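Not measured: the values here are computed from a predicted model.
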Amino acid sequence: MATTSRLPLRSYQKKMSSGNDRVLATAGRDPGSRAPAPGSLRLVQALVNTLNAELGRDLLGTAAEAARWLGAAGLLPAGSLLTGAEHRGLVELREAIRQVLATHTDRREDAEAARRLTVALASCRLALAIDLAGGVCLASADGDPFARVIGGIAIAIAEAGAVGTWPRLKSCPGQLCGWAFYDRSASARSRWCSMQVCGARSKMRAYRGRQPG
């Protein structure tokens, strides 16, 4: 995986949408039928959505299941295994990302969420790579396969941060939800994975809370 720098957002989305058709498994269908995030940010979104809290489905539930998901996503060679520590590290990375995405939804700063994700990504080692045309990109400098997995996720986040798409990846605050969705609205103020599902449930709970006991 690599990331180019200072690529205009529109050009980036067009470039990354074409030729990025790998199907990434998630633990359910997107509740709002939204298009997935552009480019390699789609990988980060899919990682978060390996857990469907409402259905109790977790594609990273065991080390073997997590290794299969990473293999299907092209992050590990087929047939690779994860240790218990690596499995725990991957799940922690997923939940650390989800916590940061919640701050995107609420448009707030959270030092603990930022620290947690920084620590979860700390095991990877990245380096600048210069191509023949003089382009600059980030590349994983690790020989360890699992460290390269973490590096791939880190690169995808850095890439999205450089072009401004990272804040548009959010997690739904609905009860038993947390689904990661990409906000394409003009104002970038979408809050729910689906207004018809989590948004409607929230309004109903608020309405009931206002009723006399």
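Nearest heavy atoms, Asp142 versus Ser123: OD2-O, 4.3 Å. Taking every heavy atom of both residues into account, Trp192 and Cys198 meet most closely at CE3-CB, 3.8 Å. Heavy-atom minimum distance, Ser80 versus Ala67: O-CB, 3.3 Å. For the pair Arg107 and Ala188, the tightest heavy-atom approach, listed with the atom from each and the gap, is NH1-O, 3.2 Å. The nearest pair of heavy atoms linking Ala102 to Ser171 is N-OG, 3.1 Å. Taking each heavy atom of Ala154 and Leu126 in turn, the nearest pair found is CB-CD1, 4.1 Å.
We find the CG-CZ distance between Leu59 and Arg94 to be 8.5 Å, quoted to the nearest 0.5 Å. With rounding to the nearest 0.5 angstrom, the CG atom of Asp183 is 12.0 Å from the CG atom of Leu101. Between the CZ atom of Phe146 and the NE2 atom of His87 there is a distance of 9.5 Å, given to the nearest 0.5 Å. To the nearest 0.5 Å, atom CG of residue Leu70 and atom CG of residue Leu76 are 5.0 Å apart. Between atom OG of residue Ser40 and atom CD1 of residue Ile157 there is a gap of 9.5 Å, rounded to the nearest 0.5 Å. Atom CG of Asn49 sits about 5.5 Å away from atom CD of Gln45, to the nearest 0.5 Å.
Hydrophobic clustering, with ILVMFWY side chains joined whenever heavy atoms are under 4.5 angstrom apart, groups Leu138 together with Val136. When the side chains of ILVMFWY residues are joined at heavy-atom separations under 4.5 Å, either directly or via intervening members, Leu128 and Ile155 end up in a single hydrophobic cluster. Linking ILVMFWY residues whenever their side-chain heavy atoms come closer than 4.5 Å, directly or via other members, leaves Phe181 and Leu41 in distinct clusters.
Contacts classified as side-chain hydrogen bond (donor to acceptor under 3.5 Å, both in side chains) and involving residues 64-74 (residues at least two apart or in different chains) are given here: Thr62-Glu65. Each side-chain hydrogen bond (donor to acceptor under 3.5 Å, both in side chains) pair with one or both residues in residues 23-38, not counting sequence neighbours, appears once here: Asp30-Trp179.
With Lys170 contributing its side chain and Ser190 its backbone, the two residues share a donor-acceptor pair below 3.5 Å. A donor-acceptor pair under 3.5 Å is formed between the side chain of Thr118 and the backbone N or O of Ala114. Without hydrogens or angle criteria, His104 side chain to Trp166 main chain gives a donor-acceptor distance under 3.5 Å. Counting only distance, with no hydrogens or angles, the side chain of Asp131 and the backbone of Ala133 share a donor-acceptor pair below 3.5 Å. The main-chain N or O of Thr83 is found under 3.5 Å from a side-chain atom of Glu86 such that the two form a donor-acceptor pair. A donor-acceptor contact shorter than 3.5 Å is absent between the side chain of Asn52 and the backbone of Asp58. A donor-acceptor pair under 3.5 Å is absent between the side-chain atoms of Thr105 and the main chain of Arg191, judged by distance alone. Judged by distance alone, the side chain of Arg42 and the main-chain N or O of Pro36 form no donor-acceptor pair under 3.5 Å.
Atom CD of Glu109 has 12 or fewer heavy atoms from other residues, nucleotides or ligands within 6.0 Å.
At least one side-chain heavy atom of Pro38 sits less than 4.5 Å from a side-chain heavy atom of Arg184. The shortest side-chain heavy-atom distance between Gln99 and Asp110 falls under the 4.5 Å cut-off.
With Arg98 as the partner, the side chain to side chain contact (heavy atoms under 4.5 Å, CB included) test is satisfied by one option alone out of Leu93, Leu51, Leu117: Leu51.
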Yes or no on side-chain contact (heavy atoms from CB on, under 4.5 Å) for Ile97 and Leu169, after CA distance, side-chain angles and deciding distance?
CA-CA 10 Å; Ile97 294 171; Leu169 188 61; 5.5 Å; no
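A donor-acceptor contact closer than 3.5 angstrom is absent between the side chains of Ser140 and Arg125.
A salt bridge is absent between Glu95 and Arg116: the closest approach of a Lys/Arg side-chain nitrogen to an acidic carboxylate oxygen does not fall below 4.0 angstrom.
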